Amino acid sequence: MEKPYGCKLPRKFYLQDTLEIARGLLGKYLVHENAQGMTVGKIVETEAYLGKDDPASHAFGGKKTERTEVQFKVGGHVYVYLIYGMYNCFNIVTEKEGEPKSVFVRALEPIAGQDLMRDRRGITDESVDGLVELTNGPGKLCMAMDIDTSMSGKDLCEDEIFVTYPKDEDHMKIVSSERINIDYAGEAKRWPWRFFIKDNSFVSSSE
DNA sequence: CTCACGATTAGA
DNA sequence: CTAATCGTGAGA
């Protein structure tokens, strides 16, 4: 059977500068296969959280707690947390061990397993509008890909969940903006650490 | 132990 | 625009 994805990213990818990784992840495929089946989504929107020097980061000031300690692992691990008591947020830990930086994945474009995604999202609309609703937000993509906090701490360099270079990476223009919904972060709200693929309709709708 | 809060979403 | 909904983490 022909796989709808390419080669898994090596550890080295996740050891680059976090802002480079946030941009570099755009266009890559996130792959998760479990007993229900396989789902694949192209990463189209990310945000960088730069750890101890970033007031918006859960690790601001070097704070380490039970929930956030996976961010201190070596780059390539998964950090998932629950927000508002009901939605999961998927992040990729970056850089060397002890450096609690990460990239938050805000939106995907469904590539494979769309029927399964529709089931998990409870969406019956098979039009383009329905397709966009599957993964155009951080909580939505976690529902579609079946990602929850039990996956926090997993290693993307293993086989349960991983990111790949697609066989043919599309031509795309990357743009940046302020990060979304971090009013608590003061002046850091202005820092342009959100990246997305220009004109991609699966990017989350906030501006 | 208590309790305020959130890197969101769906729906009015 | 707001309600939903609960794990987390700081403080008593």
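All of these numbers come straight from a predicted model, not from anything done at the bench. Labels below follow one simple rule: chain letters A, B, ... track the order of the sequence lines, proteins then strands, and each chain is numbered from 1.
Checked by atom type and distance alone, the side chain of A:E160 never pairs as donor or acceptor with a backbone atom of A:K154 at under 3.5 Å. Checking side-chain atoms of A:E47 against main-chain N and O of A:I180 turns up a donor-acceptor pair under 3.5 Å. Distance alone, capped at 3.5 Å, is enough to place a donor-acceptor pair between the A:R179 side chain and the A:A48 backbone. In this structure, A:R121 contributes its side chain and A:E133 its backbone to a donor-acceptor pair below 3.5 Å.
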In dot-bracket notation, what is the pairing pattern of DNA chain C, taking Watson-Crick (N1-N3 plus N6-O4 or O6-N4) and G-U wobble (N1-O2 and O6-N3) contacts under 3.5 Å, with [ ] crossing and | for other strands? ||||.||||||.
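A:Q114 and A:L134 make their closest contact through O-CD1, 4.2 Å (heavy atoms, listed as atom of the first residue, atom of the second, distance).
When the side-chain nitrogen and oxygen atoms of A:K189 are compared with OP1 and OP2 of B:dA7, none of them lie within a distance under 4.0 Å. Close to B:dT8, at under 4.0 Å from its OP1 or OP2, lies a side-chain N or O of A:R106. An OP1 or OP2 oxygen of C:dG9 is reached within less than 4.0 angstrom by a side-chain nitrogen or oxygen of A:R67. Taking 4.0 angstrom as the limit, A:N181 places a side-chain polar atom (N or O) nearer than this to OP1 or OP2 of B:dT8.
Here A:Y87 does not lie in a stacked arrangement on the base of B:dT8, lacking the combination of planes under 30° and ring centres under 5.5 Å apart. Both geometric conditions, a ring-centre gap below 5.5 Å and a plane tilt below 30°, are not fulfilled together for A:Y184 over the base of B:dG6.
If you measure from atom CG of A:N88 to atom C1' of C:dT8, you get 14 Å, rounded to the nearest angstrom. Per the geometry, CG belonging to A:N136 stands 8 Å off P belonging to B:dA10, to the nearest Å. In this structure, CG of A:D148 is placed 13 Å from P of C:dG7, rounded to the nearest angstrom. We find that CD1 of A:I83 is positioned 10 Å from C1' of C:dT8, with the value rounded to whole Å. Summarising the geometry, the separation between CZ on A:F195 and P on B:dA7 is reported as 19 Å, rounded to the nearest angstrom. The nearest whole Å value for the distance from the CZ atom in A:F90 to the P atom in B:dT8 is 16 Å. What separates CZ of A:R179 from C1' of B:dT8 is a distance of 17 Å, to the nearest Å. Rounded to whole Å, the distance from NZ on A:K64 to P on C:dG9 is 13 Å.
With respect to the salt-bridge test (charged N to carboxylate O, under 4.0 angstrom), the residues A:D199 and A:K173 do not qualify. Ion pairing between A:K101 and A:E95 holds under the 4.0 Å rule for side-chain N and carboxylate O.
Relative to the side chain of A:L82, the nucleotides C:dG7, C:dG9, C:dA4 differ in distance, and C:dG7 lies closest. In the set B:dT9, B:dG6, C:dT5, B:dT9 carries the atom at the smallest distance from any side-chain atom of A:P138. Which of B:dA10, B:dA7, B:dG6 sits closest to the side chain of A:K140 comes down to B:dA10.
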Between the protein and nucleotides 10-12 of chain C, are there any N/O to N/O pairs under 3.5 Å, and if so, what are the atom names and distances?
{"from": "C:dA10", "atom 1": "OP1", "to": "A:K63", "atom 2": "NZ", "distance (Å)": "3.4"}

Checking A:Y5 against A:F162 for the ring pair (Phe, Tyr, Trp, His ring centres under 6.0 Å) test, could you report, in this order, the C-alpha distance in whole Å, the side-chain angles of both residues, the deciding distance, and whether it holds? CA-CA 11 Å; A:Y5 53 81; A:F162 50 90; 5.7 Å; yes
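Looking at A:S150 and A:D148, their side chains do bring a donor and an acceptor atom within 3.5 Å of each other. Side-chain contact of A:T149 with A:S152: a donor-acceptor pair under 3.5 Å is absent, judged by distance alone.
Along DNA chain C, the nucleotide closest to A:M86 and the one closest to A:T149 are compared, and the more 5′ of them pairs with A:M86.
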